[in-house]
Amino acid sequence: MIKPISFKVVLITLQCVLSIALSAQHASKPKRVIFLIGDGMGLSQISGAMSTYTGQNAFLRFPFIGLSKTSSAKQYITDSGAGATAFSIGKKTYNHAIGVDADTVPLPTLFELAKQRKLSTGVVVTSSIQHATPASFYAHVGNRRLYDSISTFLLNGNCDIAIGGGADFIFNRKDKRDLSAELKASGFLVINDTILKDIAATKYIYLLAKDGMPTMQKGRGDYLKRAAEQAVKNLSTNKNGFMLMIEGSQIDWGGHENNYKYMASELYDFNETINVVLDMAAKDKEMLVVVTADHETGGLALNEHDDPLRFSPIYTTKDHSGVMVPVFAYGAGAQEFAGMYENTEIFNKLVKLLNLK
Ligand code: MG
Ligand code: ZN
């Protein structure tokens with residue numbers, strides 16, 4: 001027969017086990033980092049799009065939030081080259097720069113530092129894989145428009161996995177160079193297809209469009225979410241860890257067009273991708289998820305509407321604006337991202353958390 005006292009001890013023990021299980025703590029330092037960039041995604045974009053979204057709002061799931069100051073070295077209003085380069089090399093640079101500092105000096109990117117530590121790296125985007133944001137993580141060129149040149153940096157092997165558009169800059173190059181053959185000789189699987197299929201490789205360039213991917217409005221479907229899952233599956237085979245950059249590239253393109261519905265449909269898609277990534281991070285104590293933007297696009301304001309319960313989206317520019325952008329963090333080391341800081345600090349925080357220097 002169980003004595004009352006020992007029954008109580010069993011209950012307390014059960015309670016302890018249960019509470020520890022429910023609050024599964026993330027490690028203080030991550031092994032796996034998923035860095036999501038919503039290009040042109042300011043607070044107005046998130047506020048507007050999420051207020052009308054009927055699914056789960058991923059942004060509500062982050063315990064730590066910061067603010068990033070986006071100016072580049074020479075201009076208050078950054079472009080995506082300088083914006084992503086601030087994250088990738090930790091230095092403010094001039095607009096249109098890719099992986100080089102303000103004096104056009106190439107500096108090691110997060111991916112290069114991660115590779116030195118034997119981590120795997122990857123980019124998943126809805127633009128071409130040579131577009132300014134992803135290029136800043138593996139290439140070093142003075143001008144973002146040099147797509148053919150940016151492609152050749154993939155040969156260096158600092159980006160293990162790339163999924164997105166950009167087939168033209170590999171297969172249909174101005175210099176007629178057979179970069180596809182060179183990439184294959186360097187150990188890459190090079191795939192040119194219109195739909196993403198499951199693969200088991202750990203080093204590949206998966207090209208799904210000549211240049212940018214189709215818009216959500218033109219039926220891109222759940223590509224970004226599936227590409228994110230595919231990349232994580234392949235990168236996870238490296239027990240040392242990985243760094244994956246996922247970009248909602250076209251949130252920015254909707255902003256440049258001052259097309260609110262285009263922007264919102266892209267942000268909905270990005271939101272769903274963040275949800276999938278957070279679900280993975282919830283089961284992985286050594287995963288860190290950081291979501292931010294390189295800058296805001298369109299100077300979007302949510303102004304009064306005839307219907308007091310609605311808002312009118314008003315754009316104030318066809319270009320980027322200089323407002324700070326939010327940073328959302330979840331998982332191992334996420335608390336480091338609370339506060340207000342320059343965009344270059346995101347590089348420093350990731351370097352510190354992954355012991356990259
Ligand atoms: Mg971009
Ligand atoms: Zn832009």
Side-chain angles (χ1 to χ4, degrees), residues 34-42 44-46 68 70-72 75-89 93-99 109-111 122-139 141 143-147 150-151 153 159 162-166 169 208-209 211-216 220 223-224 227-228 244-260 262-267 269-270 273-274 290-300 315-325 327 343 346:
I34 304 184
F35 184 36
L36 296 109
I37 302 175
D39 199 315
M41 184 183 73
S44 301
Q45 283 76 5
I46 297 170
S68 164
T70 66
S71 294
S72 62
Q75 289 175 268
Y76 192 77
I77 316 293
T78 190
D79 86 311
S80 294
T85 297
F87 302 144
S88 73
I89 69 170
T93 187
Y94 60 94
N95 287 5
H96 304 295
I98 300 292
T109 70
L110 281 173
F111 277 17
V123 295
V124 169
V125 297
T126 56
S127 60
S128 68
I129 60 167
Q130 299 87 352
H131 214 255
T133 312
S136 298
F137 288 83
Y138 65 83
V141 292
N143 188 310
R144 57 182 286 178
R145 304 275 170 215
L146 302 170
Y147 299 125
I150 287 167
S151 293
F153 282 87
C159 181
I163 313 179
F169 313 116
L208 293 141
D211 193 344
M213 294 292 293
T215 65
M216 284 307 288
R220 194 172 71 237
Y223 151 79
L224 188 61
L244 171 64
M245 193 287 286
I246 301 172
E247 187 194 19
S249 319
Q250 299 193 32
I251 298 166
D252 175 66
W253 301 359
H256 283 291
E257 284 187 18
N258 285 184
N259 183 336
Y260 180 80
Y262 178 8
M263 182 286 294
S265 64
E266 295 296 329
L267 188 32
D269 178 51
F270 192 55
T273 305
I274 300 169
V290 179
V291 181
T292 190
D294 46 359
H295 52 74
E296 192 273 348
T297 304
L300 178 63
Y315 285 98
T316 59
T317 175
K318 292 247 175 189
D319 214 317
H320 305 160
S321 78
V323 70
M324 288 186 286
V325 292
V327 183
N343 52 5
I346 292 175

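One-based numbering, in listed order, for ligands and for the atoms of each. In this chain, numbering begins with 1 at the start of the sequence shown.
M245 places none of its side-chain heavy atoms less than 4.5 Å from the side chain of L110. Proximity of I37 to F87: side-chain heavy atoms (C-beta onward) are separated by under 4.5 Å at one or more points. The side-chain heavy atoms of L208 and I163, taken from C-beta on, include a pair separated by under 4.5 Å.
With the Mg ion (ligand 1) at the apex, T133 OG1 and E247 OE2 define an angle of roughly 80° (rounded to 10 degrees).
In summary, H320 places an N/O/S atom under 2.8 Å from the Zn ion (ligand 2), meeting the contact criterion. One of the N, O or S atoms belonging to D39 lies under 2.8 Å away from the Mg ion (ligand 1). Because the distance cut-off is set at 2.8 Å, D252 qualifies as a neighbour of the Zn ion (ligand 2) through one of its N, O or S atoms.
Note: F111 and F137 meet the aromatic proximity criterion, with ring centroids under 6.0 Å apart.
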